Amino acid sequence: MHYPSFIHLKEVGPRDGLQNESIFIDTDDKVKWIDMLSDSGVGEIEYSSFVHPKWIPALKDAQEVGKKIKRNPNVRYSALVPNLKGLERALEAGIDGASVFMSVSETHNRKNINKSVDETYPILREVISEAKSVDKFVTGYVSTVFDCPYEGRINPEQVIRVCDELFAVGVDFISLGDTIGSAVPSQVEALLEPVLIRYDSDKIIMHFHDTRGMAIANILTSLNYGITRFDSAVGGLGGCPYAKGAAGNVATNDVLYLLHGLGIKTGVQEDKMQQAALCIQDKLGKQLPSKALAYHYKKTV
Ligand code: HMG
Ligand code: MG
């Protein structure tokens with residue numbers, strides 16, 4: 001099998017990971033933890049979310065976090081931004097990139113951002129154009145690309161329609177989200193076939209949640225299609241509070257074990273990611289789902 005030689009990982013633990021936690025991690029602890037991630041060799045960190053703090057209380061300190069973290073010049077710092085108000089706050093706190101987001105399915109989009117799919121496009125268009133005008137890169141998250149928790153199976157054509165709209169208004173990358181972690185490899189193939197006929201593989205990021213333990217199999221399938229960008233969260237933190245039952249993102253630690261074992265470079269030091277996972281596991285006071293982390297932990301205690 002011919003795999004890509006280098007994979008770009010975006011660490012989404014501080015955003016997708018913490019947004020789902022009911023306990024509030026103290027800002028200074030978050031900052032120390034993000035600084036550990038910055039030192040791991042990972043190329044991008046989504047450090048927080050500038051959504052309405054009432055919707056995601058765990059990340060209500062996004063601005064303070066953005067101002068306090070130590071910026072490593074080798075890391076690109078991005079944050080989730082739903083609208084112009086969010087972008088304004090994010091620019092003030094400091095970002096290299098803005099991550100906008102919407103869902104393919106009408107019901108999840110409404111539950112997540114209180115708008116229909118059609119109402120969302122003009123909002124994102126404004127954010128993207130404003131972010132590009134100040135030289136920020138923009139990632140467009142497209143959620144529920146395989147299944148919606150409310151509407152069921154999603155057709156790849158529906159996904160392509162949303163991707164076309166977002167690329168047309170200037171996003172640099174699209175991150176395809178298995179929001180509820182339901183996909184199996186044949187669904188990944190059925191989506192990537194038409195997607196990669198239309199867009200360059202370097203523009204596509206895969207974002208797998210690991211609800212049913214399929215994420216690693218889905219990453220392997222994506223690698224076979226030449227995908228070189230993935231989102232993951234340290235320890236397997238994560239989930240979407242507006243998609244019931246969705247578990248954490250695929251664990252960065254497990255992805256590193258897979259990729260490095262396959263001889264694929266990532267630039268990330270596995271031991272530093274283990275330390276970062278243990279740090280946040282300790283702060284949350286619960287065991288995180290990563291298998292590679294559990295194995296490392298057993299060996300070291
Ligand atoms: P809304 O209530 O419809 O907002 O919420 P609005 O535009 O009507 O404004 C209402 C009030 O909120 C106004 O204040 C605004 O100024 C304020 P007022 O005039 O009443 O005093 N407001 C804000 N304040 C701070 N920051 C802002 C902001 N925007 C408006 N950015 C909104 C709409 C989008 C804001 C809300 O629905 C929201 O915050 N939703 C976020 C939900 C969320 O974070 N979900 C999880 C992330 S998505 C995800 O996890 C999926 C992903 O990982 C990929 C995958 O897995 O598939 C990305
Ligand atoms: Mg997600």
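As the structure lists them, so they are numbered: ligands from 1, and atoms in each ligand from 1. No experiment lies behind these values; they were computed from the predicted model shown.
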Q: Quick one: do Glu11 and Thr252 satisfy side chain to side chain donor-acceptor pair (under 3.5 Å)? Show the steps, please.
A: CA-CA 7 Å; Glu11 175 54 51; Thr252 308; 2.7 Å; yes

Within-cut-off N or O pair, [X] and ligand 1, under 3.5 Å:
X: Asn83; result: yes
X: Ser143; result: yes
X: Thr179; result: yes
X: Asp178; result: no
X: Ile56; result: no

Taking only heavy atoms of [X] into account, list the atoms of ligand 1 that are under 4.0 Å away from them.
X: Arg89; answer: 25 (C), 26 (N), 27 (C)
X: Gly86; answer: 31 (N)
X: His207; answer: 53 (O), 54 (C), 55 (C), 56 (O)
X: Asn114; answer: 1 (P), 2 (O), 3 (O)
X: His209; answer: 56 (O)
X: Phe101; answer: 48 (S)

Quick test: of every protein heavy atom, which one is nearest to [atom], and how far off is it to 0.1 Å?
atom: atom 32 (C) of ligand 1; value: Ile113 O, 4.4 Å
atom: atom 52 (C) of ligand 1; value: Arg15 NH2, 3.8 Å
atom: atom 31 (N) of ligand 1; value: Phe50 O, 2.9 Å
atom: atom 24 (N) of ligand 1; value: His52 CD2, 3.6 Å
atom: atom 8 (O) of ligand 1; value: Lys115 NZ, 4.6 Å
atom: atom 50 (O) of ligand 1; value: Gln19 NE2, 2.7 Å
atom: atom 34 (C) of ligand 1; value: Pro82 CB, 3.7 Å
atom: atom 28 (C) of ligand 1; value: Lys85 CG, 3.5 Å

Q: Using only heavy-atom distances, determine whether the side chains of Asn253 and Gln274 contain a donor-acceptor pair under 3.5 Å.
A: yes

(Q) When you compare the side chains of Ser143 and Asn112, does any donor N or O come within less than 3.5 Å of an acceptor on the partner? (A) no

Which bit of [X] gets closer than 4.0 Å to ligand 1, counting heavy atoms only: side chain, backbone, both or neither?
X: Asn112; result: both
X: Val51; result: both
X: Glu46; result: neither
X: Val142; result: neither
X: Leu80; result: side chain

Q) Which of these passes side chain to side chain contact (heavy atoms under 4.5 Å, CB included) with Pro149: Thr144, Thr179, Thr107? A) Thr144

(Q) Students often mix this up, so state it plainly: with edges at 30° and 60°, are the rings of Tyr199 and Phe167 parallel, tilted or perpendicular? (A) tilted

Nearest protein heavy atom to [atom]: under 4.0 Å?
atom: atom 37 (O) of ligand 1; result: yes
atom: atom 3 (O) of ligand 1; result: yes
atom: atom 14 (O) of ligand 1; result: no
atom: atom 57 (O) of ligand 1; result: yes
atom: atom 54 (C) of ligand 1; result: yes
atom: atom 44 (O) of ligand 1; result: yes

Q.
Let's go through His207 and Asp16 carefully: what are the C-alpha distance in whole Å and the side-chain angles of both, what is the deciding distance for side chain to side chain donor-acceptor pair (under 3.5 Å) to 0.1 Å, and is it a yes or a no?
A. CA-CA 11 Å; His207 179 106; Asp16 206 338; 3.0 Å; yes

Q | ligand 1 contacted by Lys54 (non-hydrogen, < 4.0 Å) | A | no

What's the separation between atom [atom1] in [X] and atom [atom2] in [Y], rounded to the nearest 0.5 Å?
X: Leu220; Y: Ile227; atom1: CG; atom2: CD1; answer: 13.0 Å
X: Cys148; Y: Ile180; atom1: SG; atom2: CD1; answer: 7.0 Å
X: Met206; Y: Leu176; atom1: CE; atom2: CG; answer: 5.0 Å

Whether [X] side chain and [Y] backbone form a donor-acceptor pair below 3.5 Å:
X: Arg76; Y: Ile45; answer: no
X: Gln281; Y: Leu288; answer: yes
X: Thr228; Y: Asp202; answer: no
X: Trp33; Y: Ala276; answer: yes
X: Ser103; Y: Ser105; answer: no
X: Arg198; Y: Cys163; answer: no

Q: Would you please test Phe173 and Tyr141 for side chain to side chain contact (heavy atoms under 4.5 Å, CB included) and show each step?
A: CA-CA 8 Å; Phe173 304 101; Tyr141 278 110; over 6 Å; no

Q: Test Tyr150 against Glu106 for side chain to side chain contact (heavy atoms under 4.5 Å, CB included), laying out the working first.
A: CA-CA 9 Å; Tyr150 311 101; Glu106 204 59 56; over 6 Å; no

(Q) Would Lys10 pass as a cation-pi partner of Phe230, given that its NZ or CZ must be under 6.0 Å from the six-membered ring centre and within 45 degrees of the axis? (A) no

Q: Check Lys203, Lys132, Arg229, Lys136 against Asp172 for a salt bridge (Lys or Arg N to Asp or Glu O under 4.0 Å) and give me the one that passes.
A: Lys132

**Q.** Verdict with supporting geometry, Asp96 and Phe137, side chain to side chain contact (heavy atoms under 4.5 Å, CB included)
**A.** CA-CA 7 Å; Asp96 301 308; Phe137 70 91; 4.0 Å; yes

Q: List nothing but the number: protein N/O/S atoms under 2.8 Å from the Mg ion (ligand 2).
A: 3

Give every donor-acceptor pair under 3.5 Å between a side-chain atom in residues 66-74 and any protein atom, sequence neighbours left out.
residue: Lys67; atom: NZ; partner: Glu92; partner atom: OE2; Å: 3.2
residue: Lys68; atom: NZ; partner: Asp28; partner atom: OD1; Å: 3.0
residue: Lys68; atom: NZ; partner: Glu64; partner atom: OE2; Å: 3.3
residue: Arg71; atom: NH1; partner: Gly94; partner atom: O; Å: 3.2
residue: Arg71; atom: NH2; partner: Gly66; partner atom: O; Å: 2.7
residue: Arg71; atom: NH2; partner: Ala93; partner atom: O; Å: 3.3
residue: Arg71; atom: NH2; partner: Gly94; partner atom: O; Å: 3.0
residue: Asn72; atom: OD1; partner: Asn74; partner atom: N; Å: 2.8
residue: Asn72; atom: ND2; partner: Ser38; partner atom: O; Å: 2.9

